[in-house]
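Here, residue 1 is the first one in the sequence, and each next residue gets the next number.
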Amino acid sequence: MTSFDSSPQLNVWRALLALAVVFVMLATTGWTAIRNHRAQSPLQASLSAWRHGHLDGRELPDADASPQRLTAFFASLTDRQQRRLAHRYPLAVGNMNGAPVELRYRANRIALRQQSKRERALTHDERLSETGLFQATRRMHRYASLADEDRQILAFDPDGTGRVAEVFGDLDRAERVSVVVPGVDTNVLTFQRTNRRYSAPVGMAEALYRAERTASTRTRTAVIAWADYTAPDGLGLDSATALRAEQGAIRLNKLVRALPGGSTVALVCHSYGSVVCGVAARSLPSRVTDIAVAGSPGMRTAKVSALHTAARVWAMRDPDDWVQDVPYLEVGGLGHGADPMSAEFGARLLSASDAEGHSGYFEPGTVSLYNFAEIGIGAYHLVECARKNDGCRAGLPDTGAA
């Protein structure tokens, strides 16, 4: 790895240079963070049909109603009526906070199969370019894979680069839920990887769920691979600002508030995902007990107290993670604030001594994954601090989970 001088003066010059480049980009090309608008996406079409729909003479509730109201509505229906709604409005029901999770799985399975068929039809369109054919084929196979009967897809939107969330474990019965919030270049096609498996959301969540199950056989846990926000595409302008994080924070807050039962929640936030979690922190409900960030470029604030959250805030960074060379400041909306690993920030610092770079925090057998799992099950007395006797466990409850 290349060595960089990380002096404050050099960081300031880097930030000013970045600002100059951005201003030139904005002057010549315009703001491009939001693009590729279409008249109506498949999800919007499904929601529109829901708004004008009826069930046995009853009007359907507003899809944006509170989770409590929607839960009550679905509870008033028979199983047959619920299934009818899932078949009529699969994308609407599949993304509806407050709908029963098993019904959302069913609805998203239907929607994924429908989208896979549409992509298959595209592959026979002779007007499609070679690149377009390749992308349509990839999407067709990815949708078909996500639609497998044994997968629990909690959210799915095929629009743009796509959004998706998958559950590992029994969400209805879970006592503790961990939500993995990934960073840049996350979309429906990168949601799961064969190579570098544990750098993608599915691999991250699978590894964390297994680690939590190993750490405690008594604790009922579930883990959500949450790629249900539009992440920045690469390390460009989007990743240097909070626009995507602000949009994602709204969606993350809605997810957490709609989770079934009374489970506590731990957010496990990687890279730009930690920006999302930082922006979301002040509006999250009290059921979120822990926010753990890894490889963070910042959380859009100078210190933990400014997050205005009662949740415990943890931070870790591998010694070889390139993100440590990012300027930790915010100037004119660019940059994400203080280094969460700094003493001034005030997070509880965890060890990630063997994570091997920016994408290795969820590799099985690593200390970083072990720490995430212990936080996930509430075994705070077992976490490994970044340095001995630095007090990262000070004042924490011992749940006795084992």
(message) Taking side chain to side chain contact (heavy atoms under 4.5 Å, CB included) as the definition, give me every residue that meets it alongside Gln81, ordered by chain and number, with sequence neighbours left out.
(response) Leu55, Asp56, Leu77, Thr78, Arg84
(request) Nearest 0.5 Å please: distance from the CG atom of Asp157 over to the CG atom of Asn95. (result) 6.5 Å
(request) Keeping to residues at least two apart or across chains, list the disulfide (SG to SG under 2.5 Å) pairs with something in residues 196-274. (result) Cys269-Cys277
(request) Identify which one of Glu175, Arg173, Arg287 satisfies the side chain to side chain donor-acceptor pair (under 3.5 Å) criterion when paired with Ser263. (result) Arg287
(request) Keeping to residues at least two apart or across chains, list the ring-ring contact (aromatic ring centres under 6.0 Å, His included) pairs with something in residues 146-185. (result) Tyr143-Phe156
(message) Would you say that more than 12 heavy atoms from the other residues, nucleotides or ligands in this model lie under 6.0 Å from the CG of Asn195, or not?
(response) no
(request) Quick one: which residue pairs count as a disulfide (SG to SG under 2.5 Å) with a foot in residues 171-236, not counting sequence neighbours? (result) none
(request) With sequence neighbours excluded, tell me which residues meet side chain to side chain contact (heavy atoms under 4.5 Å, CB included) with Ala65. (result) Asp62, Arg69, Leu70
(request) Could I get the full list of side chain to side chain contact (heavy atoms under 4.5 Å, CB included) partners for Lys117, not counting sequence neighbours? (result) none
(message) Under a plain distance cut-off of 3.5 Å, with no hydrogens placed, do Arg193 and Ser199 share a side-chain donor-acceptor pair?
(response) yes
(message) Can you confirm whether more than 12 heavy atoms, excluding those of Arg120, are under 6.0 Å from its CZ atom?
(response) no
(request) State which residues pass side chain to side chain contact (heavy atoms under 4.5 Å, CB included) with Glu344; sequence neighbours excluded, sorted by chain then number. (result) Ser342
(request) Any chance you could lay out the salt bridge (charged side-chain N to carboxylate O under 4.0 Å, His left out) test for Asp148 and Arg109, step after step, and finish with the verdict? (result) CA-CA 7 Å; Asp148 284 350; Arg109 196 170 297 122; over 6 Å; no
(request) Would you indicate whether His52, at its atom NE2, is surrounded by more than 12 heavy atoms from other residues, nucleotides or ligands within a distance under 6.0 Å? (result) no
(request) Sort and list the pairs that fulfil disulfide (SG to SG under 2.5 Å) and have at least one residue in residues 154-257, not counting sequence neighbours. (result) none
(request) If a pair satisfies ring-ring contact (aromatic ring centres under 6.0 Å, His included) and one of its residues is in residues 67-111, list it, with sequence neighbours excluded. (result) Trp50-Tyr89
(message) Quick test of your reading: applying ring-ring contact (aromatic ring centres under 6.0 Å, His included), list the pairs with at least one residue in residues 185-234, sequence neighbours left out, ordered by first then second residue.
(response) Trp226-Tyr229
(request) List the steps and the verdict of ring pair (Phe, Tyr, Trp, His ring centres under 6.0 Å) for Tyr361 and Phe372. (result) CA-CA 9 Å; Tyr361 292 97; Phe372 285 148; 7.2 Å; no
(request) Provide the full list of disulfide (SG to SG under 2.5 Å) pairs with a residue in residues 282-364, sequence neighbours left out, each pair given once. (result) none
(request) With sequence neighbours left out, write down each residue that passes side chain to side chain donor-acceptor pair (under 3.5 Å) with Arg142, or none if nothing qualifies. (result) none
